[in-house]
Amino acid sequence: MSDEYSSLRSCIYQTEADLRRFRQLVVNAVMATDIVDKELQTLRKNRWEAAFSNVSAPIPSAIGNQQSQEEHDDRKATIVIEHLIQASDVSHTMQHWHIYKEWNKRFFMECHRAYKAGRADSDPSKNWYRGEIGFFDFYVIPLAKKLESCGVFGVSSDEYLNYAKANRDEWVREGEDMVQQYLDEYNCDDEI
């Protein structure tokens, strides 16, 4: 490694063990953004349940011994960080309706342009409305509930969950018309 960032590195870690731990944390955080991989989702779900179960049973470690409380706390912190990264990846869904609408439209336009350019196999407009409802029901709202349950946002935790639920309800009411507006806008831009 170059000396350019040695001061920063010394703030983050002092030992090789700290460096390995930090590297693993970064890798886990980046991998947390992969929400399509079912195996990774299952592993994350199991780690969450192990970290936040209220059962006071011994905590198994990877090598078959019981974990120390410090190891358990480290694993708990890691899984919370992974979920925070996931939340940041879809944060527009847990904010005010106007924020959600804007970023949803941008993502739709990006996907639609990819489809029209031959870089995507399917037309996103065909399933966008139903897909968003499923995304809220099976990903966003459960994620917001997890973050609320662990208390990571303190008294603001319920705000994100409430926004997610409200945006889902609003999408159910307005989403089909919005998808049509996205298509009209895309076609209008295409003609210019």
Side-chain angles (χ1 to χ4, degrees), residues 1-96 98-100 102-107 110-111 114 119 135-136 138-165 167:
M1 286 189 252
S2 80
D3 291 336
E4 187 176 1
Y5 298 103
S6 60
S7 294
L8 174 61
R9 285 194 303 273
S10 70
C11 291
I12 296 171
Y13 61 87
Q14 274 84 53
T15 67
E16 283 297 313
D18 290 344
L19 170 59
R20 283 191 304 276
R21 176 75 177 118
F22 176 71
R23 182 187 180 286
Q24 188 60 51
L25 181 63
V26 171
V27 167
N28 287 356
V30 171
M31 294 301 291
T33 63
D34 184 350
I35 63 172
V36 177
D37 187 311
K38 299 292 183 198
E39 187 177 332
L40 284 176
Q41 283 182 349
T42 300
L43 289 170
R44 249 188 313 276
K45 181 181 178 187
N46 292 341
R47 284 198 317 270
W48 180 275
E49 288 171 3
F52 288 98
S53 68
N54 292 327
V55 178
S56 57
I59 306 162
S61 74
I63 57 173
N65 302 334
Q66 286 187 348
Q67 288 181 339
S68 69
Q69 186 62 46
E70 183 178 356
E71 289 174 318
H72 178 68
D73 291 346
D74 284 349
R75 281 183 173 68
K76 196 178 227 184
T78 299
I79 195 70
V80 168
I81 289 170
E82 290 177 20
H83 281 72
L84 286 171
I85 294 294
Q86 289 177 330
S88 68
D89 211 26
V90 296
S91 62
H92 67 287
T93 63
M94 298 181 217
Q95 296 181 50
H96 193 277
H98 298 297
I99 304 280
Y100 168 73
E102 178 62 30
W103 287 99
N104 183 270
K105 177 175 129 182
R106 288 176 186 228
F107 186 45
E110 177 184 334
C111 292
R119 294 188 319 271
F135 189 54
F136 275 110
F138 299 108
Y139 186 75
V140 174
I141 292 172
L143 176 61
K145 285 179 179 178
K146 283 181 178 179
L147 293 173
E148 180 183 42
S149 75
C150 75
V152 71
F153 291 120
V155 296
S156 298
S157 294
D158 65 329
E159 181 178 344
Y160 302 110
L161 178 57
N162 291 338
Y163 273 130
K165 289 177 176 179
N167 286 341

Is the shortest heavy-atom distance from the side chain of [X] to the side chain of [Y] under 4.5 Å?
X	Y	answer
Y163	I99	no
H83	I79	yes
S91	W103	no
E148	N162	no

Nearest heavy-atom pair of [X] and [Y]: which atoms, and what distance?
X	Y	answer
D18	T15	N-OG1, 3.0 Å
K76	A51	CE-O, 3.1 Å
S157	V152	OG-N, 4.4 Å
M31	R44	O-NH1, 3.7 Å
Q86	Y139	CB-OH, 3.2 Å
H96	N167	C-OD1, 4.1 Å

Spacing of [X] atom [atom1] and [Y] atom [atom2] [to the nearest 0.5 Å]:
X	Y	atom1	atom2	value
R47	T42	CZ	OG1	11.0 Å
F135	T93	CZ	OG1	6.0 Å
E82	T33	CD	OG1	10.5 Å
M94	F153	CE	CZ	7.5 Å
L143	L147	CG	CG	5.0 Å
D158	K165	CG	NZ	9.5 Å

Donor-acceptor pair between D73 and Q69 side chains, under 3.5 angstrom:
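Side chains of D73 and Q69: pair found under 3.5 Å.
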Less than 3.5 Å apart, any donor N or O on the side chain of Y100 or N104 sitting next to an acceptor on the other?
yes
Is it the case that more than 12 heavy atoms not belonging to K145 sit under 6.0 Å from its NZ atom?
no
Is the number of heavy atoms from other residues, nucleotides or ligands within 6.0 Å of CD (Q14) greater than 12?
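It does: Q14 CD has more than 12 such atoms within range.
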Is a side-chain donor or acceptor of S156 paired with a backbone partner of E159 at a separation under 3.5 angstrom?
no
I'd like to know if E102 pairs up with R106 as an ion pair, taking the criterion as any Lys NZ or Arg NE/NH1/NH2 lying under 4.0 Å from an Asp or Glu carboxylate oxygen.
yes
Residues in ring-ring contact (aromatic ring centres under 6.0 Å, His included) with Y13, at least two apart?
none
